[in-house]
> 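One structure follows; several queries about it will come next.
Please read all numbers here as calculations on a predicted model, not as lab measurements.
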Amino acid sequence: LRLIYEVAISKNTKLISWVYSWDNIYHSSVMKQSDYIFIWSKFFKKIINLNHNYKNHQIISSGSIQFDYLKKKYFKKTFNKKKILFACSYGSDSNNTGDNFIKDEINFLKVLSKSVWKIDKAYNIIVRPYPSALNDEYKNIKLLKNIKFKEYGKLIKRRKNDNEKIRFENDLNKKLDQILGSNIIISFGSTFNIEAAILNKIVLHVDFTSLEEEKYKSYNYFKNQMEYLKILKGKNFPNIIKSEKQLDLVMHEL
């Protein structure tokens, strides 16, 4: 990319960075040397200012194009099925980087399973694995009676010269049916939270690690500001779950 920048600059060619997904602005996947940057909204302007050193006149709000497909269909609430959808936010640590946050999600699923089982044994927790998560990671929690896994594609190589394998969702309608067919959507910060909120579903954002909170601190160093998005603010119950006790209280209320 550096070569592309240098050639473009030498020919006085303008560069535009288009930020497609909300999470890109929290990481390094933003072009650093473009003349203009297109983002979702004014909400992200401050983050682009601080984290990526863009000036106000360079930042242009273009709308959340990532979710335009949601406008193409009429949606209504569905409360007849006893389902909770847990959308995983982390994949397997295939490259041994130490960022094994999938362990925190697995521990949380055990906590959630126990909480839901105490309230209503008829409820199922549908787990949608992260695209790059390996099936073996979940083998222990698959034994829990109210946990059901929903696969959506075979693990195939992301790129020809890349060892990482990933699932691809080719049918967005199946994904939407999964959201609409659930009463509650929960995650550690997946894009599913935003999609579910747009579809007027109940959304819970997990902001604690597991039963062994003191042991698993890794997530706290990695989390983004997803919980501060205005669409996740609930009036009658807290959308942001910060402890096991709070999880039990919210589940009972819902």
> For Val111 and Glu244, work out which heavy atoms get closest and say how close.
CG1-CG, 3.5 Å

> Is there a path of hydrophobic side-chain contacts, each under 4.5 Å between heavy atoms, that joins Ile202 and Ile119?
yes

> Between Glu253 (side chain only) and Leu249 (backbone N and O only), is there a donor and an acceptor less than 3.5 Å apart?
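Between the backbone of Leu249 and the side chain of Glu253 there is no qualifying donor-acceptor contact (under 3.5 Å).
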
> Give, for atom CD1 of Ile37 and atom CD1 of Ile60, the distance between the pair rounded to the nearest 0.5 Å.
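Ile37 CD1 to Ile60 CD1: 10.0 Å, rounded to 0.5 Å.
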
> Within 45° of the axis and under 6.0 Å from the centre of the six-membered ring of Tyr152, does NZ or CZ of Arg128 qualify?
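Yes, Arg128 and Tyr152 form such a contact.
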
> Within the side chain of His52, is there an N or O that forms a donor-acceptor pair under 3.5 Å with the backbone of Ile25?
yes

> In plain terms, say whether Glu151 and Arg167 are close enough for a salt bridge, that is, a side-chain N and a carboxylate O under 4.0 Å apart.
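Yes.
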
> Would you say Tyr54 and Ser34 are linked by a side-chain donor-acceptor pair, where the criterion is simply a distance under 3.5 Å?
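There is such a pair between these side chains.
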
> Donor-acceptor check, side chain of Asp207 to backbone of Ile241, threshold 3.5 angstrom: yes or no?
no

> Are more than 12 heavy atoms, taken from residues, nucleotides or ligands other than Lys150, located less than 6.0 Å from that residue's NZ atom?
no

> Any link between Ile4 and Ile16 through a network of hydrophobic side chains (Ile, Leu, Val, Met, Phe, Trp, Tyr) touching at under 4.5 Å?
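No, Ile4 and Ile16 fall in different hydrophobic clusters.
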
> Looking at Phe168, I'd like to know if its CZ atom is crowded, meaning that more than 12 non-hydrogen atoms belonging to other residues, nucleotides or ligands lie closer than 6.0 Å.
yes

> Find the distance between CD1 (Ile39) and OG (Ser62) and round it off to the nearest 0.5 Å.
8.0 Å

> Over all heavy atoms of both residues, which pair between Ser187 and Ala87 is shortest? Give the atoms and the distance, please.
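Closest approach of Ser187 to Ala87, heavy atoms only: CB-O, 3.1 Å.
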
> Looking at Cys88, is its backbone amide N or carbonyl O close enough to the side chain of Glu105 to form a donor-acceptor pair, meaning the two atoms are under 3.5 Å apart?
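Pair absent, no side-chain N/O of Glu105 close to backbone of Cys88.
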
> In terms of hydrophobic clusters joined by side-chain contacts under 4.5 Å, are Ile126 and Leu172 together?
yes

> Heavy-atom distance under 4.5 Å between the side chains of Ile156 and Lys165, does that happen here?
no

> Decide whether Leu134 and Leu109 are clustered together by the hydrophobic rule: side chain heavy atoms of Ile, Leu, Val, Met, Phe, Trp, Tyr closer than 4.5 Å, transitively.
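No, Leu134 and Leu109 fall in different hydrophobic clusters.
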
> What closest approach, in Å, do Asp35 and Lys14 show between heavy atoms, and which atom pair accounts for it?
OD2-CA, 3.3 Å

> What's the separation between atom NZ in Lys242 and atom CG in Leu247, rounded to the nearest 0.5 Å?
14.0 Å

> Of all the heavy-atom pairs spanning Ile179 and Leu199, show the shortest one and how long it is.
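For Ile179 and Leu199, the tightest heavy-atom pair comes out as CG2-CD1, 3.9 Å.
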
> For the CG atom of Leu112 and the CG atom of Asn107, what is their distance to the nearest 0.5 Å?
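Output value for this atom pair is 12.5 Å.
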
> Side chain of Asp248, backbone of Ser115: donor and acceptor closer than 3.5 Å?
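Absent.
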
> Hey, does the side chain of Lys142 reach the backbone of Lys148 with a donor-acceptor pair shorter than 3.5 angstrom?
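Pair absent, no side-chain N/O of Lys142 close to backbone of Lys148.
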
> With a 4.5 Å cut-off on side-chain heavy atoms, are Leu70 and Leu176 touching?
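Yes, side chains in contact.
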
> Shortest non-hydrogen contact from Val203 to Ala196?
CG2-CB, 3.8 Å

> Apply side chain to side chain contact (heavy atoms under 4.5 Å, CB included) to residues Lys45 and Ile48 and explain how you reach the verdict.
CA-CA 5 Å; Lys45 197 168 188 175; Ile48 292 293; 5.9 Å; no

> Does any non-hydrogen side-chain atom of Tyr90 lie less than 4.5 Å from one of Tyr130?
no

> Compare every heavy atom of Val116 with every heavy atom of Met251, then report the nearest pair and how far apart it is.
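Looks like SD-CG2, 4.5 Å.
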
> Supply the atom-to-atom distance Ile147 CD1 to Ile84 CD1, rounded to the nearest 0.5 angstrom.
9.0 Å

> Donor-acceptor pair, Ser190 side chain versus Ser89 backbone, under 3.5 Å?
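Not confirmed, Ser190 side chain does not pair with Ser89 backbone.
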
> So do Ile184 and Lys201 actually touch side chain to side chain, heavy atoms under 4.5 Å?
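Heavy-atom side-chain distance check fails, nothing below 4.5 Å.
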
> Using 4.0 Å as the upper bound for N to carboxylate O, is an ion pair formed by Lys175 and Glu195?
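A salt bridge is present here (some side-chain N lies under 4.0 Å from a carboxylate O).
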
> Return yes if some donor-acceptor pair links the side-chain N/O of Asn239 with the main-chain N/O of Leu204 below 3.5 Å, else return no.
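The answer is no, because no donor-acceptor pair under 3.5 Å joins these two groups.
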
> Quick check on the 6.0 Å ring-centre criterion: do Phe67 and Trp40 meet it?
yes

> Is the distance from the ring center of Phe108 to that of Phe188 below 6.0 Å?
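Here the rings of Phe188 and Phe108 have centres that are less than 6.0 Å from each other.
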
> Does a side-chain heavy-atom distance below 4.5 Å link Phe38 with Ile59?
no

> Test side chain to side chain contact (heavy atoms under 4.5 Å, CB included) on Ile102 and Ser92 and set out the steps.
CA-CA 6 Å; Ile102 194 171; Ser92 304; 4.2 Å; yes

> Any donor-acceptor pair under 3.5 Å linking the side chain of Asn146 with the backbone of Asn124?
no

> Could you tell me the separation between the CH2 atom of Trp117 and the CG atom of Leu144, rounded to the nearest 0.5 Å?
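Here the rounded value is 9.5 Å.
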
> Keeping the roles fixed (side chain from Thr13, backbone from Ile9), state whether a donor-acceptor pair exists under 3.5 Å.
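No; judged by distance alone, with no hydrogens or angles, the pair does not exist.
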
